[in-house]
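Just so it is clear: chains get the letters A, B, ... in the order the sequence lines come, proteins before strands, and each one is counted from 1. Computed over heavy atoms, backbone and side chain alike; hydrogens, waters and symmetry mates excluded.
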Amino acid sequence: MTASTLPLTAAEITTHLQQGDFTAQELVTATLERIQTHNDRLNCFTTVLAEEAMKVAAETDRRRLAGESMGPLAGVPFAVKNLFDIAGTVTLAGSKINQTNPPATQDATAVARLKAAGAILVGALNMDEYAYGFVTVNNHYGATPNPHDPTRISGGSSGGSAAAVSAGLVPLTLGSDTNGSIRVPAALCGVYGLKPTYGRLSRAGAFLFSSSLDHIGPFGRSVEDIANAFHVLQGSDDRDPICTDRPATVPNLSGEMDGIRVAVATGHFSRGLAPTVAQALEKVTTALNATRTVTLPEAARARAAAYLITASEGSQLHLSRLQNQLDEFDPATCDRFLAGALIPSSWYIQAQRFRRWYRDQVRELFKTVDLILAPTTPCPAPFIDQTTMDLEGETVLVRPHLGFYTQPLSFIGLPVLSVPIHLPGELPVGVQLIARPYDEQTLFTAAIALQQAGITHTPLPLVVCQD
Amino acid sequence: MIDLEQVRKVALLARLELTDAEEQQFTEQLNGILGYVEQLSELNTENIEPTTRAIELSNITRQDALEPFEDRESILGISPDREDDFFKVPKILGS
């Protein structure tokens, strides 16, 4: 086992470990070497927990030799966006301000659940400051370049989480999504990224951004890995009052699409697609035999309302920091937080009023359809120093518009899986699979069908292969 | 339209220290955001109650409802001081 034999998916790792092909200690050693080799250039990790990971790996090997029971993710290395609490580590949330906070006293629930399933935490990952961004160009910790083309962005705000999986540094990571922060980087880095139903997975111990919109979820290189992570992350949690007490479901990965009514989103979601994105969507549409279309009414207004709610809630959360430590904010987030702090409450309430209307309208749509397809981003990854992009012939700012297709969906908490499409000679892009609330199963069914048909895949970036 | 004075007033209420340039910048930004609000106002949502979450959740808080408590004596019994059926508190008015 050497660093160059990686990457493996989480499922492959558990199989190899069970077969005794290598030990968890050999695997973690190789993983740490791989991180050390690539992180200078890829800047995914802000913290590497080498010593702790090796200790857990030794214990994993001991348990296996002793014939003790092993969790479903036993020995799988994973890492988390640095807004998740890791006991003994300061939770940065991408900020300089948080550096002076005391270390977290307990793991975030999601971290604890992955550990309880046997996975081995190896570190924390870069992000936009306080999760306010779609680019992961962080003034304090640097940019996380796209492993498929390091002159371009990874997307954000969970850019480190997507890039680390894309480059094969770890098979599994966690991120958070308020307006698209899991789906956008998953698409631009060419990996799977799941934003489950709002409240489906516990957010306890994750540094929130906009509570009424925040979700957490996994990134992976295969549908099996995403489904297995989702499976162990489920469950009610007293530490997160919005976490559902619905019983955990066991994902079915048969890929049997019979009876699933698939439609392509039109209107807002058919505007402004770059040719690569349009081709990717067409490929998925054909593979899933989606012959009908649906229009989410007023999706553009949903974006406007999502912006107002995000800016208002985020600014209120950070108000004391804005009052007292303004000069320590990342200039890229500071302005938007300040503007948000000045938004009158009547505007916020109007956005929440619209949200209920829009949610009821979309709920009606799901009476006639089970799965909706939409692009994840308007274009492949922009350049790191690029500030504007073309959308429907108009020049618009990159940062807010990467969420053009993701914001109207998280706004009402729908479960969405961004699946990776690599067209020959092109940068990866993503397609969103969208289901009704709590129906993650339909996402897994469609995604496994696409994976089995070879429509979605996660080839290793050339830049990593060449090292 | 939002003007500079309104931004100054809100910034003061929020205890945000803005420079002259920032006040000007945020006046422009807020007018941009006002564009979003106007988009929303074009829809008739007058009779719709605002929500607070992406998905309606019913298990966050208990109902805030009055309910008689049967065991009167147990509550009086845990008070630091009592007199008959009353809680006794230090005198705070007069000398």
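- Contacts of A:Ala311 with chain B are absent, with no heavy-atom separation under 4.5 Å from either backbone or side chain.
- B:Glu49 is listed as a side-chain neighbour of A:Arg356, based on a closest heavy-atom distance under 4.5 Å.
- Note on B:Gln25, B:Glu22, B:Glu17: by heavy-atom pairs under 4.5 Å with chain A, the leading option is B:Gln25.
- For B:Asp81, the CG atom sits in a packed shell: over 12 heavy atoms of surrounding residues, nucleotides or ligands are nearer than 6.0 Å.
- In terms of non-hydrogen atom pairs under 4.5 Å with chain A, the most contact-rich of B:Val10, B:Leu13, B:Leu18 is B:Val10.
- With a 4.5 angstrom heavy-atom cutoff, A:Phe411 touches chain B only via backbone atoms.
- For the set A:Ala300, A:Ser211, A:Gly199, A:Ser410, the entry with the most heavy-atom pairs within less than 4.5 Å of chain B is A:Ser211.
- Distance check, rounded to the nearest 0.5 Å: CD1 of B:Ile48 to CH2 of A:Trp357 gives 8.0 Å.
- For the set A:Asp335, A:Leu414, A:Asp360, A:Ile309, the entry with the most heavy-atom pairs within less than 4.5 Å of chain B is A:Asp335.
- Between the CD atom of A:Glu298 and the CG atom of B:Leu43 there is a distance of 4.5 Å, given to the nearest 0.5 Å.
- Nearest heavy-atom pair, B:Ala54 versus A:Gly413, reported as atom, atom and distance to 0.1 Å: CB-N, 3.6 Å.
- Nearest heavy-atom pair, A:Ala339 versus B:Gln29, reported as atom, atom and distance to 0.1 Å: CB-OE1, 3.1 Å.
- Looking at every heavy atom in both residues, A:Trp347 comes nearest to B:Ile33 through CZ3-CG2, 3.7 Å.
- Ranked by heavy-atom pairs under 4.5 Å with chain B, the list A:Leu326, A:Leu213, A:Leu319, A:Ile343 is led by A:Ile343.
- Open room surrounds CZ on B:Arg15; 12 or fewer heavy atoms of other groups in view lie less than 6.0 Å from it.
- With values rounded to the nearest 0.5 angstrom, A:Arg353 atom CZ is found 10.5 Å from B:Asn44 atom CG.
- Heavy atoms of A:Leu308 lying under 4.5 Å from chain B belong exclusively to its side chain.
- Note that CD of A:Gln350 is 11.5 Å distant from CD of B:Glu38, once rounded to the nearest 0.5 Å.
- Between B:Glu42 and A:Arg301, at least one side-chain nitrogen of the basic residue sits less than 4.0 Å from a carboxylate oxygen of the acidic one, meeting the salt-bridge criterion.
- Within the 4.5 Å cutoff, no side-chain heavy atoms of A:Tyr358 are placed close to those of B:Thr51.
- More than 12 non-hydrogen atoms from other residues, nucleotides or ligands lie less than 6.0 angstrom from CD of A:Glu392.
- Put simply, CD1 on B:Ile55 and CZ on A:Arg200 are 10.0 Å apart, with the number rounded to the nearest 0.5 Å.
- For chain B, the option among A:Leu322, A:Leu338, A:Thr197, A:Asn324 with the highest count of heavy-atom pairs below 4.5 Å is A:Leu338.
- The line from CG of B:Leu40 to CZ of A:Phe354 is 6.0 Å long, rounded to the nearest 0.5 Å.
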